[in-house]
Structures are given as structure tokens and as C-alpha cells.
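We count ligands from 1, going down the list as the structure has it; atoms in each ligand are counted the same way. Predicted model only: the values in this text are computed from it and were never measured.
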Amino acid sequence: MASPGGTPAAEGSPTPSGLARWFGECYGREPDLIWHAPGRVNLIGEHTDYNGGLVLPFALARGVLAAVAGRGDGLLEVRSRQAPREAASVRLDRLQPGSVTGWAGYAAGAAWALRTAGYEVPGTSIAVDSDLPIGAGLSSSAALCCAIVSVLAALAARAGARMPSRTEIAAMARSAEADYVGMPCGIMDQSASMLCEAGHALLLDCGSGKSSLVPIDPAAVGLQVVMASTGVPHVLADGQYAARREQCQQAAELLGVAVLREVTDVSALTVLPDPVLLRRARHVVTESSRVAQAARLLRAGRLADCGGLLSASHASLRDDFEVSWPAADRAVEAALSAGALGARMTGGGFGGCVLVLLPADRRAAAKEAICGALADGAAEAGVWFLTAEPAPAAREVWVSR
Ligand code: GLA
């Protein structure tokens, strides 16, 4: 995957045939199958997924390609075009959580999750390629896990196994990250990668698992959704994310509910004795209601009116949930002062990028304002701007003849 601060390449994006060629150079044969799984942008609904709440992400065109071919020696070998010297090889019957670390741990975790769910995973060679920047909050790890679970499941299905549903694949990909790698994420990113459709956002109720597609076409109304890097890579496995989950769970227990989503009225939170827990819970309750409002506005064709909800989401993440970071706060303010309709940090927090909703003719001004606001250090890290257009979910893109 690209370096955290690197400009995501517009041209030179990976292609199935390019990956098939590289696979041949690595393994001396052509792959059997290649799948693509996209990264995601979360329009709104941050830190609500593991609280049983609503999220509204859409899939990006950028993502991870994973190519596979079976092999007879019981080994899982994984290679990435972004780290060609770091091939990892592991015996499938010895796969244990944590036994493979670094980026290859996600791939090993995907195979482990499939096996744990009862799927046969024979010896396999895997090669991956990606145009998603890592640590940008665009779900490169979920896309990697979804691509590998999907392609391994499809390979097993060719040999007669049942192909799991997209929801089942999302759950296995989440398990790879949460139970194998040890990052206790929710289900939003994997669901976006597996369930989205072009031209739509996914309204997902993470409590019931029910989802529906909501049309979104920024260009049709003269708008853009832009992701702007802040030059600060995010690291979710550093304990802050897990600490927020823990605080939400504590608040839910004190309120006598299974998950915070069950609370709909902020006035019910005043019984929380600890002001920190109260703020955490208030974010979750208010954010869920913002997601519902945003979905209603989108269904009414009123994307522009979502701007205020995005900015309110940022304020809540900054002040109540305390997962924003100074560069994101500066970028959001700069974007708004340059005419954006709304802006907010996106993803788990503590680094990554900001999402900006703006009229297309404000893009250049917003970029200039954000670059100016981040001038110290972020400029060297390479601030990039990426227009996010709702793209399709994971799919098979190559089959051997
Ligand atoms: C990360 C996690 C998601 C979600 C977001 C915050 O992206 O992987 O499950 O919790 O943070 O909304």
C-alpha cells in the first residue's frame, strides 16, 4: 500500500492484468482468481457502529486487488506489490491469532477467519496490490481483509464449497482484524466494502444488521465530497480506539442498556456520574440522530443541506468523543472558511483525513486554505485531495481461462 503521506496515484492504479503478470513473476504461474475490494468514505456516523448505531458510508473506487492460486504444500504465502520484499509464508494448520504480524497479519487473519468459520482453505499463493493510502482513514485494512476473504471463499466455491453471503464475508473480514490482528473494530468498514453500490451510500443499522441503499450523486447538484489528508497517519491499534469502546460499554452498563444506541434522548444521560462518560455517550446518541437526519435529507435529494450535520459531527467528535487531532480541526475550519458546506474528521480518529462537502467551484479555494492551515510539517508529508465518488462493492475482476 502507498505510504501514509504519499499522494494516492491517480494514474498507475493497479489493474487485474498487471497484478496477474506480477503474480506470474512471483509464483511462476497465473492466478486462478482476482477480487477487488474497495476502501470507504464514511459520510457520517462515527464511532456508532460498535454501539449498535447507524452509519452512512459509501465505497470508493480505490481499493485492494487480491489474486490467488491453490498450491499443494499446505502453505499460505502472501506478497504485496507495495512491500515486495516482505513475503510471508505460514503453515495453514499452524495459523493462530498473532502468529503473523505486520501487513501480512491481515491476510493470515483472513484465512484464519475463514477456517474458523468452517471453510476449507487449502494451500494458497496470494498477491495483493492497492491504491489506497494506508493510515488515511479510508479503510485499507478492511479492504485487504475483504478482498482476501472473498477471493479465498470464491476459490473454495470453485471446488464445491458454499459461497458465503456478502454479510458473512464482512463478518469474517471483521473477525480477521478484531480477533486475529487485535484491532477491536466495528462492522462499518467491512460492510461498506461488501454491500455498497455505485451512486449510493449504505445506511446500515449496526444493531439489527439491516441496511438500505441511499442515492447520492454530488456531481449532479454541483457538489463534491473531497477527502483531504492532514499529513498525520492514524494508528487504531494504539489503545485509544479500544479505550473509547470500553468507555461506551461502561456508560451503557450504568444506563442499564445493552448498547448506547438504545438511548435516544440526551437528557437520559445526566444520570451518568462521570463527565467523561457523559460526553462519550452524548456523542453516540447525537451522532446516531445526525445519521438518520442525513439519510432523510439524501433521500429528499438535499445533499447540500447535510453540510451542517457534518460540521456538527466534527464538533461532537472533537469535544465530546475527543478523537480529533489538531491538524484535522485546523483543516475543517479552513475548509469552512473557504466556502465548504460542511467538513469533519472521518474514521477512527487521531490521524487520517478530513471529509469536506463543497460546491465544485470552491474546491481550489478549499485546497489552498487547507494547505495553508497545515503548512507546518504536513506540507512535506504531502497533502492530497481526493474526490470521493460512490463506487461498487467488492467483486470478482479476473478468472483464469
Ligand atoms: C474505524 C473502525 C470502524 C469504526 C470507525 C469509527 O474505522 O474500523 O469500525 O468504528 O473507526 O467510526
Per-atom contacts, ligand 1 versus [X] - under 4.0 Å to a heavy atom:
X    : value
M188 : 4 (C), 5 (C), 12 (O)
D49  : 3 (C), 4 (C), 9 (O), 10 (O)
G186 : 9 (O)
Y50  : 10 (O)

Any non-hydrogen atom of R40 lying under 4.0 Å from ligand 1? yes
Purely on distance, is any nitrogen or oxygen of T48 under 3.5 Å from one on ligand 1? no
Could an N or O of ligand 1 be found under 3.5 Å from any N or O of D189, whether backbone or side chain? yes
Give me the ring orientation class for W112 and Y180: parallel if the planes are under 30° apart, tilted from 30 to 60°, perpendicular past 60°. tilted
Can you label the angle between the H47 ring and the F321 ring as parallel, tilted or perpendicular, going by 30° and 60°? tilted
Compare all side-chain heavy atoms of [X] with those of [Y] and state whether any distance is below 4.5 angstrom.
X    : Y    : answer
R344 : L317 : yes
Q82  : S130 : yes
S150 : M194 : yes

Can you tell which part of R174 has a heavy atom less than 4.0 Å from ligand 1: side chain, backbone, both or neither? neither
Report the C-alpha separation of V332 and M345 in whole Å, then their side-chain angles, then the decisive distance to 0.1 Å, and conclude whether the side chain to side chain contact (heavy atoms under 4.5 Å, CB included) test is met. CA-CA 8 Å; V332 163; M345 56 148 281; 5.7 Å; no
Take I216 and L303, measure what side chain to side chain contact (heavy atoms under 4.5 Å, CB included) needs, and give me the verdict at the end. CA-CA 8 Å; I216 170 170; L303 174 60; 4.1 Å; yes
Nearest heavy atom to atom 11 (O) of ligand 1: which of S191, G348, G349 does it belong to? G348
